[in-house]
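Any value given below was found using the heavy atoms of this structure, including those in side chains, with hydrogens, waters and symmetry copies removed. Chain letters run A, B, ... following the sequence lines, proteins first and then strands; every chain starts at 1.
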Protein chains: 2
Amino acid sequence: MADTSSKTRNRILKAAWQMLEDNQGSGVRMSDIAKRAGVSRQAVYLHFETRLDLLVATTLYLDEIKGIDKRLEASRTAPDGRSRLTAFIDAWGNYIPEIYSVAKALMTLEATDAVAAEAWKGRMQAVRHGCAAAIHALDRDGQLSATYTVEQATDMLWVLLSVRSWEQLTRDSGWSQADYIDHMQALARAIFVR
Amino acid sequence: MADTSSKTRNRILKAAWQMLEDNQGSGVRMSDIAKRAGVSRQAVYLHFETRLDLLVATTLYLDEIKGIDKRLEASRTAPDGRSRLTAFIDAWGNYIPEIYSVAKALMTLEATDAVAAEAWKGRMQAVRHGCAAAIHALDRDGQLSATYTVEQATDMLWVLLSVRSWEQLTRDSGWSQADYIDHMQALARAIFVR
DNA sequence: GGAATTACTTTACATTATGTCAAGTGAAGG
DNA sequence: CCTTCACTTGACATAATGTAAAGTAATTCC
């Protein structure tokens, strides 16, 4: 069954997620996932051609489970650019820790595998679109700081809200999640809002 | 000869550097480096215990060749905190592209190898010290924005000046090196200088 | 009720890069 | 002449991904 809805397929996805969560996204092998799902290693390959395919499918699975679309919608319906920016940072910034482990595994592949790099890039483009939408909203309100073009502001916001930046601040520098959100919101308002 | 100054050892380091530069830090094997250096693969292991050791040695080799210490000195002798911050961003920010390929190879290992993670962390701590020094100078002048503690400002500057952030802006978003430097300097002044 | 299909298991193997091991070579130096 | 040093040569261990082929047990179809 190459279908996207199969009991086994879902068990594998859940196992992959849990396994990555337990190990913070590193050192998880196909055989570990298979074992956790209670199937043979080959069964995994029956549902996912490669490890990369499985990881990508796991991020999509998480997006669905976690209802990220709905959560991002709050920022889309914000009354003005400024509050939209704040809401977007809240929604995306708080989603990062929930997907971090799976994202980490994908980022690890990214470095050595060109196909994985493309896949990760695609996923991150979605975030960039969110950034762009927030900046555009600000611009439409005539509230975007003159220091930045729409393009530049989008790029900068995208970097600030990257998984890597989140990782460095919360993991390496020990910031709490609340501090991260608060500071990012304050920083974004300080530099982007006129 | 386990010495740090040996003709062959230096040839290997140079070959590693060139090879990584040519391939942007990915897909470079020990055998490729050996071939380029004109020695056997085993000769490389005679001088460097592991691939990680070789990569770390290559970054140190680059630091020396490029004279990074001297270049960072300019920021240390700046007359005031504000100019010190600007000078530091100029020095470090312009050093990143010169070491990027080697750094990339190290960052790739970082994801899977705990020892590599430690090594990379150590190298990045040096950058953090530079950030801390610049922020401290600003603070001594009574010029640090009230929005940040010294600690927080250091962490934030460290993220902004991380290799990952540079990578995303210049590689993924297509910023020129000059744009990167200018914007980082302007941003840092805007948020950190009172 | 027998045949075919489906989903999965089991076992074995190819691949690729790192790192180890042991024996050999050729030149420099006492 | 003999030893030591720096390096070479070739073989092997390891670890994980991915492939291949044959087998099994349950369901479905006629």
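- Taking atom CZ of B:Arg11 as the reference point, atom C1' of D:dT8 lies 14 Å away to the nearest angstrom.
- Residues forming a side-chain hydrogen bond (donor to acceptor under 3.5 Å, both in side chains) with B:Asp90 (at least two apart in sequence, or on another chain): B:Asn94.
- What separates NZ of A:Lys35 from P of D:dA16 is a distance of 12 Å, to the nearest Å.
- When rounded to the nearest whole Å, the span between NZ of A:Lys7 and P of D:dA26 equals 17 Å.
- Atom-to-atom, CG of A:Leu46 to C1' of C:dT10 comes out at 13 Å; the value is rounded to the nearest Å.
- Within the structure, ring pair (Phe, Tyr, Trp, His ring centres under 6.0 Å) pairs that include any residue of residues 96-117 of chain A comprise A:Tyr100-A:Trp166 (at least two apart or interchain).
- A:Ile89 contributes atom CD1, which lies 8.0 Å from atom CG of A:Leu160 (distance to the nearest 0.5 angstrom).
- A heavy atom closer than 4.0 Å to some atom of DNA chain D occurs in no member of residues 104-122 of chain B.
- Atom CG in A:Leu46 sits 11.0 Å away from atom CD in A:Glu49 (nearest 0.5 Å).
- Under the rule for a side-chain contact (heavy atoms from CB on, under 4.5 Å), the partners of B:Ala119 that lie at least two apart in sequence or sit in another chain are B:Leu52, B:Val56.
- At most 12 heavy atoms of other shown residues, nucleotides or ligands fall within 6.0 angstrom of atom CD in B:Glu64.
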Contact letters for nucleotides 11-25 of chain C, in which S counts primed atoms plus P, OP1 and OP2 and B counts the base, heavy atoms under 4.0 Å:
BB----SBBBB----
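- Contacts classified as salt bridge (charged side-chain N to carboxylate O under 4.0 Å, His left out) and involving residues 25-39 of chain B (residues at least two apart or in different chains) are given here: B:Asp22-B:Arg36, B:Arg29-B:Asp32.
- When only modelled atom types and interatomic distance are considered, B:Asp139 and B:Tyr148 share no side-chain donor-acceptor pair under 3.5 Å.
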